[in-house]
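For reference, the structure discussed in these notes is given below.
Hydrogens, waters and symmetry mates play no part in the numbers below; they use all other heavy atoms, side chains included.
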Amino acid sequence: MKALFFALVLASPLAHSALNMKPGLWGLDMKITHNGKEFNPAAEMQKAFAKMPEAQRKKMMDMMGEKASVGIGKNGESQVCYSKEVIEKPESIGKQSQKCVTKIITQTSSKIVTNFKCEDGSSGDASWIMNSPTTMTGLVNMKDPRGQASQINYKGKFIKADCGKIRPVI
């Protein structure tokens with residue numbers, strides 16, 4: 001789950017120059033392949049919640065809502081909050097929460113390419129393309145601390161300016 005969180009953080013389309021992106025709540029549809037097997041983490045979480053008794057499900061949702069940097073939308077998409085500060089400071093991504101160093105390789109107002117290395121041994125590269133201020137696509141290739149490879153393809157869509165209970169990624 002830590003790798004998934006960091007992958008979502010890396011999915012942030014960030015650059016030093018003004019990135020053509022609206023800050024706020026974004027819905028991300030992901031196609032994740034890990035060790036050759038494809039899965040959807042939001043769908044897996046929804047399946048687990050469906051098997052829980054109502055009281056336990058409510059308790060889990062309440063706990064996630066209070067501390068979450070990632071939420072699940074009604075259509076099963078992952079929801080991430082990108083603040084203006086996060087969009088403007090790519091060097092801070094993953095530094096605090098995952099103890100990672102992210103280097104920007106290429107940056108424009110519509111595209112960013114980065115690579116990253118974390119203290120836990122995770123590493124990889126990410127690219128992101130802003131199709132408009134409210135839509136984006138991206139790809140993250142990473143290896144976890146055990147050297148297992150994952151690839152994450154993203155499609156993102158701006159939902160609204162207010163992130164609600166979901167904390168901005170840091």
Side-chain angles (χ1 to χ4, degrees), residues 1-45 68-118 120 122-144 148-161 163 166-170:
M1 192 56 86
K2 182 178 179 181
L4 174 61
F5 172 76
F6 186 66
L8 286 171
V9 170
L10 284 176
S12 301
L14 306 170
H16 290 305
S17 63
L19 189 65
N20 190 19
M21 176 186 184
K22 284 183 122 180
L25 187 64
W26 283 73
L28 300 177
D29 288 319
M30 296 181 287
K31 179 181 170 185
I32 300 176
T33 306
H34 180 70
N35 286 332
K37 294 182 182 178
E38 188 176 311
F39 72 99
N40 179 333
E44 294 299 320
M45 190 175 289
S69 291
V70 178
I72 300 174
K74 292 178 184 176
N75 297 324
E77 80 278 6
S78 297
Q79 292 185 338
V80 179
C81 180
Y82 298 118
S83 69
K84 182 179 177 187
E85 293 77 20
V86 166
I87 293 168
E88 292 174 349
K89 297 192 183 258
E91 64 278 3
S92 67
I93 293 299
K95 193 177 278 188
Q96 182 180 7
S97 60
Q98 302 295 318
K99 298 186 177 154
C100 302
V101 174
T102 301
K103 293 183 181 178
I104 299 169
I105 307 303
T106 304
Q107 64 183 27
T108 68
S109 64
S110 62
K111 182 179 181 179
I112 185 165
V113 177
T114 65
N115 64 28
F116 60 92
K117 184 154 180 66
C118 305
D120 73 355
S122 300
S123 63
D125 57 73
S127 62
W128 209 264
I129 298 171
M130 296 303 302
N131 302 310
S132 76
T134 59
T135 61
M136 57 183 160
T137 59
L139 173 67
V140 175
N141 290 298
M142 66 182 293
K143 288 192 178 184
D144 68 15
Q148 295 179 335
S150 295
Q151 185 177 67
I152 305 164
N153 287 288
Y154 296 90
K155 289 183 182 177
K157 189 161 96 174
F158 178 78
I159 298 172
K160 60 184 179 177
C163 292
I166 299 175
R167 293 181 300 136
V169 294
I170 56 170

Distance (rounded to the nearest 0.5 Å) between Trp128 CH2 and Ser110 OG: 14.0 Å
Set of side-chain contact (heavy atoms from CB on, under 4.5 Å) partners for Lys31, sequence neighbours left out: Glu38, Asn153
Thr33 side chain vs Gly36 backbone, donor-acceptor pair below 3.5 Å: no
With sequence neighbours excluded, residues passing side-chain contact (heavy atoms from CB on, under 4.5 Å) with Ile159: Leu25, Glu77, Gln79
Minimum heavy-atom distance Cys163-Gly24, with the two atoms named: SG-C, 3.4 Å
Test side chain to side chain donor-acceptor pair (under 3.5 Å) applied to Gln151 - qualifying residues, sequence neighbours left out: Asn141
Separation of Asn115 CG from Ile105 CD1 (nearest 0.5 Å): 4.0 Å
Sequence-distant partners of Ser132, side chain to side chain donor-acceptor pair (under 3.5 Å), two or more places apart: Thr134, Thr135
Atom pair NZ/SG of Lys160 and Cys81 - distance to nearest 0.5 Å: 10.5 Å
Qualifying residues under side chain to side chain donor-acceptor pair (under 3.5 Å), relative to Ser150, sequence neighbours excluded: His34
Residue pair Ile129 / Lys111, side-chain heavy-atom distance below 4.5 Å: yes
Spatial distance of atom CG (Asn20) from atom CE (Met136) [nearest 0.5 Å]: 12.0 Å
Side chain to side chain, Met30 and Ser78, heavy atoms closer than 4.5 Å: yes
Nearest heavy atoms of Phe116 and Asp125, plus distance in Å: CE2-N, 3.5 Å
Euclidean distance, Cys100 SG relative to Asp120 CG, rounded to 0.5 Å: 6.5 Å
Nearest non-hydrogen partners of Ser83 and Pro23, listed with the distance: C-CB, 4.0 Å
Parallel, tilted or perpendicular: ring planes of Phe158 versus Trp26, cut at 30 and 60 degrees: perpendicular
Closest contact, heavy atoms only, Tyr154 versus Leu139: CD1-N, 4.3 Å
Nearest-0.5 Å distance that lies between atom OG in Ser122 and atom CG in Asp144: 6.0 Å
